[in-house]
Amino acid sequence: MHKELERAINLRNEGKKEESNDLLLKLVKAFPADATIHYQCAWSYDVIGEESKAVPYYEKAIELGLSQDELEGALLGLGSTYRTLGEYEKSKQVFIKGIELFPSNKAIQIFYSMTLYNLKEYQSAMDLLLKCLIETTRDDEILSYQKAILFYADKLNDVWK
């Protein structure tokens, strides 16, 4: 099983996405209780642009129990997939769980800010996005305005006269 899983991942990395997906589907049938295989299968559906088919595999992988690294990736993948399918509330709940479990993962926070935008929670989306920017940038010009950016991040609708 491990050799075939490795082969499927290598195929995906080589750009042979459909072939990888076909192999992963066979592995899911052969090992239906393996969380990692479900996770990789979900990922393969995302890669080939069939997001709606990825959802049940992400959900099953999470239900079966993943390693911390895989769970982190699966929560980001599932939340992002829900967002692309227009299921914004589901996306929001997945990202909230992801942020609770992995508070230092800025990618989860960035994708969550996109979901907040889709939910028309513009202030929260921009607040999170700006804070992530300041916490991760190395750009000296942006950093020179760090105090101002952080001050205004949650006050974008305020007007001073």
Side-chain angles (χ1 to χ4, degrees), residues 5 8-9 12-13 17 20-21 24 27-28 31-159:
L5 179 59
I9 293 168
R12 181 175 61 223
N13 292 339
K17 301 170 193 172
S20 172
N21 182 259
L24 286 163
L27 288 170
V28 165
F31 304 97
D34 190 289
T36 297
I37 292 173
H38 281 273
Y39 169 50
Q40 291 296 330
C41 191
W43 187 346
S44 76
Y45 272 120
D46 271 346
V47 168
I48 62 174
E50 295 189 34
E51 286 81 0
S52 62
K53 291 182 181 178
V55 170
Y57 292 100
Y58 277 127
E59 292 173 338
K60 187 68 173 178
I62 293 166
E63 175 190 319
L64 289 170
L66 293 163
S67 70
Q68 286 297 98
D69 285 344
E70 289 177 323
L71 179 59
E72 194 169 6
L75 290 171
L76 193 153
L78 180 59
S80 177
T81 298
Y82 276 145
R83 190 191 74 76
T84 63
L85 295 173
E87 296 185 39
Y88 305 129
E89 285 299 332
K90 285 183 180 180
S91 175
K92 182 177 182 176
Q93 294 312 308
V94 170
F95 284 134
I96 288 171
K97 180 179 179 181
I99 290 168
E100 286 172 2
L101 293 173
F102 306 101
S104 63
N105 185 315
K106 297 302 179 202
I108 291 174
Q109 294 175 35
I110 296 297
F111 278 89
Y112 178 47
S113 74
M114 290 184 228
T115 295
L116 292 173
Y117 172 87
N118 292 126
L119 289 167
K120 299 183 180 8
E121 295 180 34
Y122 305 121
Q123 178 62 57
S124 296
M126 284 298 297
D127 181 33
L128 182 57
L129 197 58
L130 289 170
K131 287 176 181 171
C132 283
L133 172 67
I134 289 300
E135 292 172 14
T136 60
T137 190
R138 291 189 178 105
D139 186 284
D140 288 334
E141 290 185 37
I142 293 172
L143 288 171
S144 72
Y145 291 97
Q146 177 178 0
K147 245 175 126 172
I149 292 168
L150 289 174
F151 175 78
Y152 290 119
D154 64 351
K155 299 171 187 63
L156 294 174
N157 292 314
D158 294 356
V159 176

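- For CZ of Phe111, the number of neighbouring non-hydrogen atoms (other residues, nucleotides, ligands) closer than 6.0 Å is 12 at most.
- For the residue pair Ile62 and Ala74, the shortest heavy atom distance occurs at CG1-CB, 4.0 Å.
- Contact between Cys132 and Gln109 at its shortest, heavy atoms only, is SG-OE1, 3.2 Å.
- Stacking of Lys53 on the aromatic ring of Tyr57 is not recorded, the 6.0 Å distance cut-off and the 45° axial limit not both being met.
- For the atom pair CD of Gln40 and CG of Asn21, the computed distance is 11.5 Å after rounding to the nearest 0.5 Å.
- The structure places OG of Ser113 at 11.5 Å from OH of Tyr117, a figure rounded to the nearest 0.5 Å.
- Distance CG/Asp127 to CD/Gln123: 6.0 Å, rounded to 0.5 Å.
- Minimum interatomic distance between Pro32 and His38 (heavy atoms only, all atoms of both residues): O-NE2, 2.9 Å.
- Considering every non-hydrogen atom in both Leu76 and Ala107, the closest pair reads CD1-CB, 3.6 Å.
- In this structure the side chain of Thr137 reaches within 4.5 angstrom of the side chain of Leu143, judged on heavy atoms.
- Taking every heavy atom of both residues into account, Asp46 and Ala54 meet most closely at OD1-CB, 3.6 Å.
- Counting heavy atoms from C-beta outward, Ile9 and Leu5 have side chains that approach closer than 4.5 Å.
- Between Leu27 and Cys41 the shortest side-chain heavy-atom distance does not fall below 4.5 Å.
- Residue pairs that meet the side-chain hydrogen bond (donor to acceptor under 3.5 Å, both in side chains) test with at least one member in residues 83-97, sequence neighbours left out, are Arg83-Asn118, Glu87-Lys90, Ser91-Thr115, Lys92-Glu121.
- For the atom pair CG of Leu78 and CD of Glu59, the computed distance is 6.0 Å after rounding to the nearest 0.5 Å.
- Atoms CG and CG, on Leu130 and Leu156 in that order, are 6.5 Å from each other to the nearest 0.5 Å.
- Atom CG of Leu119 is separated from atom OH of Tyr112 by 8.5 Å, given to the nearest 0.5 angstrom.
- Looking at every heavy atom in both residues, Leu24 comes nearest to Ser44 through CD1-CB, 3.6 Å.
- Around the OH atom of Tyr122, the shell of radius 6.0 Å holds more than 12 heavy atoms that belong to other residues, nucleotides or ligands.
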